Every structure is written in structure tokens, then in C-alpha cells.
Asks: 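Below you'll find the structure I mean.
Every chain is numbered from 1 and lettered A, B, ... according to where its sequence line falls, protein lines coming before strand lines. Note that the coordinates shown come from a computational prediction; the quantities given were computed from them, not determined experimentally.
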2 protein chains.
Amino acid sequence: MAFSIHEKEDTIVALATPQGVGAIAVIRLSGKESIKICNKVFKGKNLEKQESHTIHFGTIRDGERVIDEVLVSLFVAPKSFTKENAVEISTHGSSYIVNQVIKLLVRNGARPAKPGEFTQRAFLNGQFDLAQAEAVADLIHSDSEASHQAALNQMRGGFSGEISKLRAELIHFASMIELELDFTEEDVEFASRDDLRVLVEKLLRVVEQLISSFDLGNVIKNGVPTVIAGKPNAGKSTLLNALLNEDKAIVSDIAGTTRDFIEDEINIGGVIFRFIDTAGLRETTDTIEAIGVSRTQEKMKTASLILYLFDLSDTDMVEINRDINKLENLGVPFVKVANKTDKAQPTFIEELKGKYPDTIFISAGNKENLDALRERVLELVNLDKFKTGNTVVTNIRHYDSLIKTRESLLDVLGGIENEITNDFMAMDIRRALHYLGEITGEITTDDLLANIFSKFCIGK
Amino acid sequence: MAFSIHEKEDTIVALATPQGVGAIAVIRLSGKESIKICNKVFKGKNLEKQESHTIHFGTIRDGERVIDEVLVSLFVAPKSFTKENAVEISTHGSSYIVNQVIKLLVRNGARPAKPGEFTQRAFLNGQFDLAQAEAVADLIHSDSEASHQAALNQMRGGFSGEISKLRAELIHFASMIELELDFTEEDVEFASRDDLRVLVEKLLRVVEQLISSFDLGNVIKNGVPTVIAGKPNAGKSTLLNALLNEDKAIVSDIAGTTRDFIEDEINIGGVIFRFIDTAGLRETTDTIEAIGVSRTQEKMKTASLILYLFDLSDTDMVEINRDINKLENLGVPFVKVANKTDKAQPTFIEELKGKYPDTIFISAGNKENLDALRERVLELVNLDKFKTGNTVVTNIRHYDSLIKTRESLLDVLGGIENEITNDFMAMDIRRALHYLGEITGEITTDDLLANIFSKFCIGK
């Protein structure tokens with residue numbers, strides 16, 4: 001384990017809400033002594049005599065000095081997130097007060113929590129498995145419907161359930177094989193080789209499916225890599241800004257909340273689109289003809305979606321034909337976007353509509369017809385797959401373990417083929433079990449845990 | 001009142017914790033329907049049948065779609081901050097989740113809260129008076145021990161108590177005077193003019209005291225205006241950075257918490273020092289001889305404290321004598337700070353110690369002897385006055401009302417002197433009552449309330 005026994009017995013304390021000025025801040029304590037420690041500095045009811053899941057008004061005092069009027073929420077073990085005694089102190093939202101209260105609690109026996117230590121305790125105390133613990137962090141950082149649903153599904157045990165089922169079936173067979181090892185001189189066969197092959201093939205199919213879901217999972221977590229291609233003055237930067245600003249406007253209509261906007265990430269219909277190399281778009285010095293230069297083509301090949309943007313007032317049919325031809329050869333889904341409808345010859349628009357009826361006509365500057373563009377984009381990325389209830393692997397650690405599980409299962413299959421002895425077969429099965437167990441945390445090492453939880457924020 | 005009856009009956013909702021990523025976020029509802037509305041989207045126990053001050057685990061759902069696993073805290077009227085039914089929903093700390101939950105609650109009948117609307121309701125429902133409500137905002141923004149104690153004392157009713165006592169005594173006399181008006185033909189005197197004079201003089205003394213406390217209050221709230229004076233290469237910017245960085249280091253030793261640092265504000269021993277015009281200090285283009293130029297002198301006159309910094313390796317006794325002479329004429333407390341002890345002639349240091357024994361010798365670059373400087377600074381600002389339990393006026397609105405109260409009381413006193421008639425006297429007394437009542441909110445106008453609460457953050 002990453003923490004010594006001693007550390008695990010400590011009562012830990014941290015701010016659980018974000019830094020900064022707000023109406024309230026919540027300070028969290030967990031550990032055997034947490035209620036007792038809080039009670040030492042709390043003036044109000046005797047907290048040690050109150051029931052779990054109750055809230056108490058009073059003051060936090062350093063000797064005679066009142067630091068704040070607070071609400072204290074009590075959670076008596078094992079009915080808390082960490083399954084330990086836990087306390088949440090709701091103070092006025094001032095950094096000064098938060099500092100004073102935490103310092104006071106530390107002076108009275110608590111210890112500042114390490115990153116992720118609350119969630120780690122929840123894991124160590126069996127509240128949930130490792131994949132679920134990791135989903136807590138993903139959930140906090142989710143910024144779209146798709147990533148949120150994937151994280152929530154994982155946190156609520158969807159993914160863990162599938163892995164555990166796989167593992168249980170493998171364990172059953174492993175025990176049969178090991179049993180045979182005990183009776184090796186009698187040459188009995190508790191585990192039919194044919195049944196084992198069928199099982200391993202079935203497991204492999206599930207593992208393959210999970211592995212291949214990682215492409216989608218990665219896109220869900222990090223956004224659909226998207227390129228806006230087109231000549232320098234086609235209006236790429238104007239289009240990007242128009243999409244970004246409307247996204248911001250939609251979100252910030254609810255008072256008191258905003259999304260943490262990342263430059264060049266745009267939420268369309270619950271899916272995040274990550275625009276690649278848009279820094280260049282914002283500079284007017286970009287003189288590269290967008291399509292046809294090898295560097296640009298490389299960039300476009302890594303995209304999942306291309307918006308091909310051309311200027312109706314400054315592009316002819318020859319140019320468009322040539323570009324579309326090149327894009328089709330690239331094999332990446334793309335949308336034909338004709339910009340500056342306000343400056344175009346009507347006859348040219350008609351000609352285009354005849355030749356490429358799926359062209360979207362917009363005016364990025366006037367924010368016209370952007371909804372049609374959004375709709376087409378969502379059609380192309382196949383929104384359904386983002387809304388699937390199926391388990392999607394979003395975590396690269398899980399992906400790595402699944403790859404290794406697959407290798408081990410393939411070894412088992414090869415072993416059956418080549419009629420290797422039971423002891424070798426048992427080793428391969430145990431290896432597969434090990435890698436599956438790493439995902440849910442049934443198998444852990446100090447380094448693994450330290451690595452996972454150190455990426456959490458403090459207070460979680 | 002600033003809000004219509006209809007608006008006051010609404011159930012309001014807002015994020016109560018700061019924006020940004022954290023372990024948890026708290027969404028707050030208040031209003032008659034708040035428990036009912038939350039219950040519509042909550043899956044778990046029936047919240048409408050639970051007791052006040054209890055906490056319930058469950059999920060927030062939009063139809064079948066789970067948005068998050070949450071803890072719901074219930075407060076049944078009148079046992080809440082606003083004295084209305086209130087709910088706090090503790091979600092995972094993701095902006096996406098917060099947005100989704102607030103939108104869902106709005107669709108189910110809540111309305112996004114306006115800035116300060118929770119505190120305004122608490123005031124309108126008699127939880128506390130206006131001066132106490134204003135102290136809530138001050139408390140949130142307090143960033144030093146002194147400002148925190150002043151705000152907390154005001155929130156807990158210290159200031160309001162003094163004002164109410166003044167008002168009660170005046171009201172008693174006012175009623176006597178008004179009674180006399182009813183018996184004006186009989187020429188009775190219920191209120192002795194001598195007693196009235198004694199009372200008004202007593203009230204005036206208290207009001208004067210409160211008015212004069214505003215200078216201190218202002219300094220407590222906004223920091224002690226401080227100037228570092230000295231030649232361009234004396235090390236002013238180095239000293240400022242050294243003090244600022246040590247302050248930051250002291251505060252951030254508690255995991256998970258930081259103060260919101262404002263450039264050029266430094267916390268020394270619980271008092272904030274605000275360094276004036278330090279922008280110039282950071283630029284090397286400042287070629288003005290710091291002392292002797294009229295613009296600089298003007299700046300120094302507005303300061304409460306001057307650090308006179310000179311370079312031991314590049315200043316002679318003539319220069320120092322001249323500068324100290326000028327500073328003494330200025331009448332502002334100042335500290336003589338000799339910098340660059342590491343580059344000085346020992347004989348020059350000895351000479352200085354002989355002539356000016358109160359000089360502080362430091363090396364700003366090596367962060368040497370800064371503690372001695374801090375100590376001297378605190379001596380000069382007279383820390384005791386910052387720690388006084390006396391009521392300190394920190395709010396300019398209160399200050400203005402007190403000034404007007406004083407005028408009215410002086411008019412009453414003049415009236416007694418000039419033996420004016422009771423009806424005029426009653427008017428002056430009513431005017432004084434009006435201004436005192438404005439402080440605690442016994443007298444309010446729509447504009448006044450709107451103006452006060454619009455400065456609050458949303459969610460408070």
C-alpha cells in the first residue's frame with residue numbers, strides 16, 4: 001500500500017471546494033478522530049453525541065476568539081464517503097477563514113490531506129474499486145455530456161462489473177486447472193480443453209470490444225480532433241470565434257455558473273470538438289495554401305473531422321473540385337462549408353448547389369446558418385455512439401491493462417492449441433487475471449496507487 | 001422593497017461555492033417550494049418527509065438519466081439562513097454537473113438567484129439587520145485578521161447593538177416631545193430641555209467616536225497605505241518582492257489553501273499593508289530622485305507609513321541627513337531602512353548606528369533581517385488599535401449616515417439653545433432617527449437595498 005498503517009489512521013483535513021471567493025467554502029475531515037477534533041474547536045451542541053447525517057449550527061473558536069459561524073455536517077463510520085468518521089464544515093467563503101480553520105484543526109490533531117487521499121481511503125476501505133475511484137476524478141473534470149456519462153457510468157460500477165464478470169469466469173477455470181495440477185498423476189481433466197477454448201474466445205471478444213472502445217473513449221474524454229481547412233482569408237478564425245462565442249453564450253445564461261472554457265474546444269450537442277492547431281488560424285501571417293501542403297495534410301490525417309471552408313467571393317469551381325478531390329482521397333469525414341454568402345454571386349451559389357448539394361452555406365461574420373453546420377457536424381461524428389449505454393474505456397491505464405490481458409489470453413489460446421502442460425497454462429491464466437485485477441484494484445502496488453491518487457486534487 | 005411580492009415568493013437557486021474544479025460543489029435553493037422542487041429530481045428517500053438539519057444520499061436524475069450522486073442537506077423553515085425552506089445539494093465539483101443540476105432545477109420551478117438574494121431574504125425575513133447583512137459580504141472578502149475581526153464583530157451584531165441603543169434613547173425622547181405637541185395649549189413639558197441636551201450631547205459623543213473610527217476601519221478594510229521611498233537602485237522592488245514572497249510562503253504551507261494574493265498587499269502580523277504606486281518601483285526606468293520631487297512628496301503625504309530605504313554602498317551621511325530631515329518635516333511615521341549590509345563599509349554602518357540608532361539594517365537581496373523590519377513596522381502602526389474589541393466603522397455607507405446623524409443632532413442642540421418650538425425640534429429628532437435607522441435597515445428604500453445587495457456575489 002502507498003500509505004503506512006500510521007498514515008491511514010490519521011485524521012486528515014482539506015478544503016473540498018474550489019479556491020477563491022464564494023458564498024460558502026466546505027472543509028472536510030476524515031478519520032477516527034474527526035468528530036472529536038472538530039468538537040474541540042466547535043461551540044454549539046456536543047458533536048460527539050449527535051447522530052450521523054445531521055447538521056449543527058455553531059461557531060468555530062480558537063480559545064475565546066470566534067473565527068466563524070458555521071454549519072457542521074456529521075457522518076459516522078461507516079456511513080460516509082471514506083467509510084470513516086467524517087465531518088464537513090461549511091464556513092463563509094473567505095480564503096482567510098478557510099486558512100484559519102484548517103490551521104486550527106491541524107493544531108488540534110488533524111493532518112493536511114494529500115492529493116486524492118479521501119478517495120484513496122474510500123477505495124482502501126472498500127467503498128468502491130480502483131476503476132470507480134479513477135472515475136471520480138474523470139467526473140470532476142468532465143465538461144461535456146458524453147464525457148460526463150462515460151465517467152458516471154464508470155463511477156457507478158458499469159465498467160467494473162464487466163471486468164469482474166470476466167475475472168470471475170477466468171478464476172473458475174483457473175481453479176479447475178490448478179486442481180488438475182494436484183491430481184496430475186491420475187491424469188484427470190476437471191477443465192475440458194474445449195470448454196476452456198470457448199471461454200477464452202468469448203473473453204477475448206469482450207476484451208477486444210473494450211480495447212476498441214478506447215478510440216471512442218479517448219475522443220469522448222479529449223474531444224473530437226477537428227481541423228478547419230481553407231485558404232488564409234476564407235474566414236477560418238471568424239468561424240471558430242463565432243462557434244466559440246455562441247457556445248459560451250448558451251452556457252452562461254444560467255446565473256452563477258460558467259463552464260471552464262478551453263480555447264479551441266467547442267461543445268456541440270453534448271460532444272466536445274477540439275480544433276487542432278488553431279493558433280495558426282488566429283494569425284494573419286498564415287500564407288500557406290491550406291490544402292496541398294504536406295505538413296497540413298499530415299495534420300488533417302490525424303483529425304476525425306475536417307471542415308473544408310471556402311470563400312464564395314474568392315474561390316472558383318476548379319479550385320473547389322481540386323480541393324474536394326484531395327479531401328476524398330484523404331479518407332477523413334469532411335464538411336463542405338461555403339462562407340460569405342453575403343458577398344457571393346447568386347449564379348455561383350446555384351452552380352455549387354447543383355454540383356455539391358450537401359454544401360453548407362454560411363456567413364461566419366454574420367453568424368448565419370451556423371445551426372445547419374452544427375447539425376451536419378453531429379451527423380458526421382455519429383452522435384449515437386456517444387450516447388450508447390455500452391461501456392467505454394476512457395482511461396489509458398485501463399487500456400494498457402486490457403492490451404496485456406489480451407496478450408495473456410492469446411497465450412492461453414496458443415497453449416490449448418499446442419497442448420502445453422497445465423502448469424504453463426495456469427501461469428498464463430494467472431497473468432490474465434493479474435492484468436484484469438489491476439484495473440479494478442484487486443491487484444495493486446504502492447507505485448500504482450501513488451501514481452493514480454497523486455493526480456487527484458487535494459480535498460478529493 | 002426592491003423585490004416584488006411575487007419575486008419574494010419564488011424559490012431561488014444558485015451555486016454557493018466558487019467557480020472552478022474542486023472535489024465538491026454546493027448548489028443552494030431557498031423558498032417555500034425548495035424541498036418539493038429538489039424532491040422532484042432526487043431519487044432516494046422522500047425529502048418532503050424528512051426532518052430539518054438532516055443529510056440524504058441519492059441521485060439527481062433528469063428523467064431516467066442520472067446526472068450525479070449527491071448529498072442533500074435539508075433546512076425546514078424557519079430554521080435556515082433565509083428563514084425559508086432551504087436545500088443544499090453537494091455534487092461532484094464539475095462545472096458541467098453544476099450547470100446540468102441548476103438547469104434541471106430551473107425547469108422544475110426554481111429561478112436563478114440574483115446577486116445577494118439569499119442574504120437579502122435573510123434580512124427581509126428578520127434573520128439580521130442591514131448592517132449585519134453587509135458584514136456577511138465583508139467577511140467573505142476579509143483577508144487579514146484585523147478586517148476579519150471587524151467584519152465578524154459587525155455580523156454578530158456588535159455595531160448594530162450600539163446603533164439600536166442610540167436609537168432607542170432618541171425614540172424615547174422623541175415620543176415625549178411629540179406628546180407635548182398634543183398638549184401644546186396647556187404648556188406642559190414632558191421632556192425636560194436640560195435632560196434632552198444631556199442626552200443629545202451624549203449621543204453626539206458616541207456618534208463622533210464611531211465617525212472617527214472610520215479612519216481605522218478604512219485602513220483595516222483596505223490596508224495601511226505605505227510608501228517605499230528611496231533612490232532608484234536602493235532595492236525598493238527587491239524588498240517588496242522579498243516581503244511578498246515570504247508572506248505567500250507562510251500562507252501556502254497549509255495544503256489545499258492559498259490566499260488570493262493582491263499584488264502589492266502584504267500581510268504583516270495580521271495587518272494588511274498596501275504599497276502605493278509600486279508599479280513604478282518595478283520598472284527600472286524610474287529616474288526620479290525619490291525624495292524631493294513634489295509629486296513624490298504628495299504621494300508620501302497620503303501614506304500612513306513610509307519605509308525610507310537607502311543603499312549602504314551608494315549613499316553618504318549628507319544625503320541621509322538631508323532625506324531624514326525632509327521626512328521629519330512631512331509628519332508621517334517612517335522607518336529608516338539601510339539596505340545592502342553585505343556591500344557596506346563597516347565603519348559607515350557604525351557611524352549610522354551612532355547617529356540613528358533606530359535604523360534597521362537589512363539585505364533585501366539575501367532576505368536578511370526582514371523580521372526586524374516587520375517588527376518595527378508593526379510598532380509604528382500601533383497594532384493594539386487593530387486588535388481592539390471596540391466597534392469600528394468600516395462601511396462608507398454607515399459613515400455617511402453617521403455624518404448626517406451628527407448634523408441632525410447638532411441641529412437639535414442648536415434648537416435647544418435657541419428655544420425653538422417643539423414641532424421643529426421633533427423634525428430634527430426624526431431626521432436623526434431616520435439616518436440611524438438607515439444603517440440597520442429599519443428605514444430602507446428600494447434603491448438602497450438594490451444598491452447594497454447587487455454588490456454581493458451570486459449564491460450569497
Side-chain angles (χ1 to χ4, degrees), chain A residues 14-26 28 53-56 65-69 71 73 75 88 90 92-100 102-103 106 112-114 118 136 139-145 147-149 152 155-156 251 254-260 457-460, chain B residues 14-26 28 53-56 65-69 71 73 75 88 90 92-100 102-103 106 112-114 118 136 139-145 147-149 152 155-156 251 254-260 457-460:
Chain A
L15 176 66
T17 47
Q19 297 286 347
V21 170
I24 63 170
V26 178
R28 186 184 249 189
H53 289 65
T54 55
I55 305 165
H56 307 278
R65 193 169 76 94
V66 174
I67 295 180
D68 201 8
E69 296 183 346
L71 286 174
S73 299
F75 304 89
E88 286 181 6
S90 181
H92 286 91
S94 131
S95 312
Y96 176 81
I97 289 174
V98 167
N99 255 301
Q100 294 295 308
I102 291 181
K103 279 184 186 168
V106 168
K114 300 177 186 178
F118 291 91
V136 173
L139 191 64
I140 288 174
H141 292 281
S142 67
D143 57 359
S144 71
E145 186 181 333
S147 61
H148 167 252
Q149 285 298 333
L152 195 68
M155 189 185 79
R156 289 169 63 82
V251 170
I254 297 289
T257 69
T258 56
R259 216 179 68 212
D260 303 314
C457 57
I458 287 170
K460 183 70 240 177
Chain B
L15 176 66
T17 46
Q19 298 287 346
V21 170
I24 63 169
V26 178
R28 183 185 251 190
H53 289 64
T54 57
I55 304 165
H56 307 278
R65 192 169 77 93
V66 175
I67 295 180
D68 200 8
E69 296 183 346
L71 287 174
S73 298
F75 304 89
E88 286 182 5
S90 180
H92 286 92
S94 130
S95 313
Y96 175 82
I97 289 174
V98 168
N99 254 299
Q100 293 295 307
I102 291 181
K103 279 183 185 169
V106 168
K114 299 176 187 177
F118 291 92
V136 173
L139 190 63
I140 288 174
H141 292 281
S142 67
D143 57 359
S144 71
E145 188 182 332
S147 62
H148 167 251
Q149 285 298 335
L152 196 68
M155 189 185 80
R156 290 169 64 82
V251 171
I254 297 290
T257 68
T258 57
R259 214 178 69 211
D260 303 315
C457 58
I458 287 170
K460 184 70 240 174

Asks: Measuring heavy-atom distances to chain B, does A/Val26 have an atom under 4.5 Å in its side chain, in its backbone, in both, or in neither?
Replies: side chain
Asks: So which heavy atom on A/Ala23 is nearest to which on B/Arg28, and how close?
Replies: CB-NH1, 4.4 Å
Asks: Tell me the closest heavy-atom pair linking A/Ile102 and A/Ala14, and the distance in Å.
Replies: CD1-C, 4.2 Å
Asks: Kindly write out the residues that satisfy side-chain contact (heavy atoms from CB on, under 4.5 Å) with A/Gln100, not counting sequence neighbours, or none if the list is empty.
Replies: A/Arg65, A/Ile67, A/Tyr96
Asks: Please state whether the side chain, the backbone, both or neither of A/Ile97 comes within less than 4.5 Å of a heavy atom of chain B.
Replies: side chain
Asks: When only pairs under 4.5 Å are counted, which of B/Leu152, B/Val136, B/Thr54 shares the most heavy-atom pairs with chain A?
Replies: B/Leu152
Asks: Relative to chain B, which segment of A/Leu139 carries a heavy atom at a distance below 4.5 Å: side chain, backbone, both, or neither?
Replies: both
Asks: Heavy-atom distances under 4.5 Å only: say whether A/Phe75 touches chain B with side chain, backbone, both or neither.
Replies: side chain
Asks: Could you check which of A/His148, A/Lys460, A/His56, A/His92 has the highest count of heavy-atom pairs closer than 4.5 Å to chain B?
Replies: A/His148
Asks: Any chance you could measure A/Glu88, atom CD, to B/Ile24, atom CD1, to the nearest 0.5 Å?
Replies: 4.5 Å
Asks: Of all the heavy-atom pairs spanning B/Ala25 and B/Thr17, show the shortest one and how long it is.
Replies: CA-OG1, 3.5 Å
Asks: Under 4.5 Å, counting heavy-atom pairs only, tell me which of A/Pro18, A/Gly22, A/Ser94 racks up the most with chain B.
Replies: A/Pro18
Asks: With B/Ser90, which residues qualify under side-chain hydrogen bond (donor to acceptor under 3.5 Å, both in side chains), at least two apart?
Replies: none
